Amino acid sequence: MAMKLHEYQAKQVFADAGIPTPASQLASDVDGAVAAAEEIGYPVAIKAQVQVGGRGKAGGIKLVDDDEEAREAADEILGMDLKGYHVDRVLVEGAVDFTDELYVGITMDRGEGKPVAMVSTKGGVNIEEVAEEDPDAIAREHIDPAFGMHPYQARKAVYDAGVDKAIARDVSSVLTTLYDLWENRDGSDAEINPLMVTADDEVIAADAVMNIDEDALFRQPELAEMEDEAAGGDELEQKADEYGFDYVRLEGNVGIIGNGAGLVMTTLDLVDYYDGEPANFLDVGGGAKAERIANALDMVFSDDNVDSVVFNIFGGITRGDEVAKGINEALEQFDEIPKPVVVRLAGTNWEEGMEILNEDLVTVEQTLEDAVERTVAYAEEVNE
Ligand code: GDP
Ligand code: MN
């Protein structure tokens with residue numbers, strides 16, 4: 001199996017290796033996309049980041065000339081369903097003023113048991129279709145992996161494809177770089193379609209595909225991390241996985257920490273009741289010792305949306321004094337508490353817990369309702 005990088009990730013890998021790519025920025029909301037477009041300068045292309053080809057034809061790529069068009073396009077593309085994939089991010093990228101579109105790619109020729117480099121002047125369209133309808137339009141050069149790709153092989157493929165002389169050297173160099181990446185990064189496919197040619201004979205990778213052999217991911221930690229990033233989407237949700245918390249990120253600004261799904265849900269409902277907006281669902285589970293409490297605080301503190309935090313712990317297996325110590329220890333590490341924390345303890349040893357809590361660091365409330373109301377009020381103060 002192969003792991004597919006997103007276009008923006010593949011472009012980063014290509015750019016790091018010296019292949020020219022347009023200026024670009026990733027955005028996950030409309031305002032971010034417009035800001036990116038302004039920074040890059042119009043015209044820009046707004047491109048859905050989903051791992052399927054033919055996004056252009058399917059309406060996932062739009063060229064825009066000003067803020068208004070950018071806003072409209074980003075609004076349309078973000079959230080769209082593209083060939084079964086939900087679009088939650090777009091790449092905003094400087095549009096290329098091009099005269100030609102080439103194809104360059106490296107893949108494994110299973111029949112020959114060797115990698116093959118391919119070049120075509122019929123880029124910008126589905127290369128499988130070109131291969132079927134006009135196979136001669138694709139020049140191929142097999143490579144002996146023991147020796148790598150010789151520069152003359154790259155030049156030959158480029159020549160055979162009929163690439164214009166003025167850019168032959170640059171295209172050859174892109175092809176050898178692509179092969180080196182394929183080889184060194186355990187690629188299964190590496191592809192640029194289109195490699196655009198500009199009026200002043202520059203070449204630039206307008207699209208990028210890089211698929212990695214999954215069995216080799218252990219020796220490509222940097223790329224494996226990209227997979228996590230793409231799959232997990234949210235950094236915080238990844239962190240929650242590491243800590244072993246049940247966590248869901250929500251839209252609001254009131255951070256919630258509790259033990260037991262039912263109690264956390266109740267807290268969420270109460271936040272809503274007091275006209276606050278929950279920032280997350282976070283269940284630290286049973287036996288919440290000091291370290292888990294510190295980890296939970298780290299989660300909500302590192303969420304930029306969070307303005308205040310409510311701790312709602314019911315002591316059963318988790319003793320109130322244990323939790324209180326954990327909260328104190330976690331908060332003592334800060335010179336300044338980043339966001340106000342309100343605590344309500346109940347159940348086993350709750351009275352001891354209340355006494356242990358350092359009220360210089362947290363606000364203590366006796367009831368769940370008071371705790372939530374106070375937390376919502378803190379969040380409102382921040383936004384006044
Ligand atoms: P794909 O459809 O998913 O392969 O996405 P591409 O990035 O390859 O874009 C599809 C097509 O959009 C390209 O082949 C171009 O013909 C067209 N296009 C026109 N202008 C631009 C531009 O400035 N940038 C990019 N990336 N594509 C453009
Ligand atoms: Mn493409």
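As the structure lists them, so they are numbered: ligands from 1, and atoms in each ligand from 1. Everything numeric here is computed off the predicted structure, so don't read it as measured data.
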Practice item. Kindly indicate, with the supporting measurements, whether the criterion side-chain hydrogen bond (donor to acceptor under 3.5 Å, both in side chains) is fulfilled by Asp189 and Thr107. Key: CA-CA 5 Å; Asp189 310 276; Thr107 192; 2.7 Å; yes
Practice item. Decide yes or no on side-chain hydrogen bond (donor to acceptor under 3.5 Å, both in side chains) for Arg374 and Tyr378, but give the supporting numbers first. Key: CA-CA 6 Å; Arg374 176 68 75 99; Tyr378 281 148; 3.1 Å; yes
Check your understanding: After noting the C-alpha distance and the side-chain angles of Thr267 and Asn312, does the key distance pass the side-chain hydrogen bond (donor to acceptor under 3.5 Å, both in side chains) rule?
Key -> CA-CA 7 Å; Thr267 314; Asn312 185 15; 2.8 Å; yes
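Remark: minimum distance from atom 2 (O) of ligand 1 to any protein heavy atom is reached at Gly56 N, 3.0 Å. Of the protein's heavy atoms, Glu101 OE2, 2.8 Å lies nearest to atom 14 (O) of ligand 1. Ranking the protein heavy atoms by distance from atom 1 (P) of ligand 1 puts Arg55 N, 3.6 Å first. The single protein non-hydrogen atom nearest to atom 10 (C) of ligand 1 is Ile61 CD1, 4.0 Å, given as residue, atom name and distance.
Using a non-hydrogen distance threshold of 4.0 Å, Met196 registers as a contact of ligand 1.
If you look at Tyr243 and Phe245, their ring centroids are closer than 6.0 Å.
In this structure, of Lys57, Glu7, Lys47, the residue bringing a heavy atom nearest to atom 26 (N) of ligand 1 is Lys47. Nearest-residue assignment for atom 8 (O) of ligand 1 (options Asp207, Val44, Val209; heavy-atom criterion): Asp207.
The pair Asp298-Lys239 counts as a salt bridge, with a side-chain nitrogen and a carboxylate oxygen less than 4.0 angstrom apart. Between Asp370 and Arg344, no side-chain nitrogen of the basic residue sits less than 4.0 Å from a carboxylate oxygen of the acidic one, so the salt-bridge criterion is not met. Note on Lys11 versus Glu93: salt bridge recorded, some NZ/NE/NH1/NH2 to OD/OE distance being below 4.0 Å.
Of the N and O atoms on the side chains of Tyr8 and Gln12, not one donor lies less than 3.5 Å from an acceptor on the other residue. For Glu277 and Asn253, the side-chain atoms include no donor-acceptor pair closer than 3.5 Å.
There is a protein heavy atom less than 4.0 angstrom from atom 19 (C) of ligand 1. Taking a distance limit of 4.0 Å, we find that atom 12 (O) of ligand 1 is approached by no protein heavy atom. Protein heavy atoms are found inside the 4.0 Å sphere centred on atom 28 (C) of ligand 1.
When non-hydrogen atoms are compared, ligand 1 lies under 4.0 Å from neither the backbone nor the side chain of Val125.
Of all atoms in ligand 1, listed by their number and element, those nearer than 4.0 Å to a heavy atom of Ala95 are 23 (O). Applying the 4.0 Å criterion to heavy atoms of Glu93 picks out, from ligand 1, the atoms 26 (N). Ligand 1 places these atoms under 4.0 Å from at least one heavy atom of Gly124: 14 (O).
In terms of distance to the Mn ion (ligand 2), the nearest N, O or S atom of Asp207 is named OD2.
The shortest N or O to N or O distance between Val96 and ligand 1 is under 3.5 Å.
Considering CD of Glu7 and CZ of Phe14, their distance stands at 10.5 Å, rounded to 0.5 Å.
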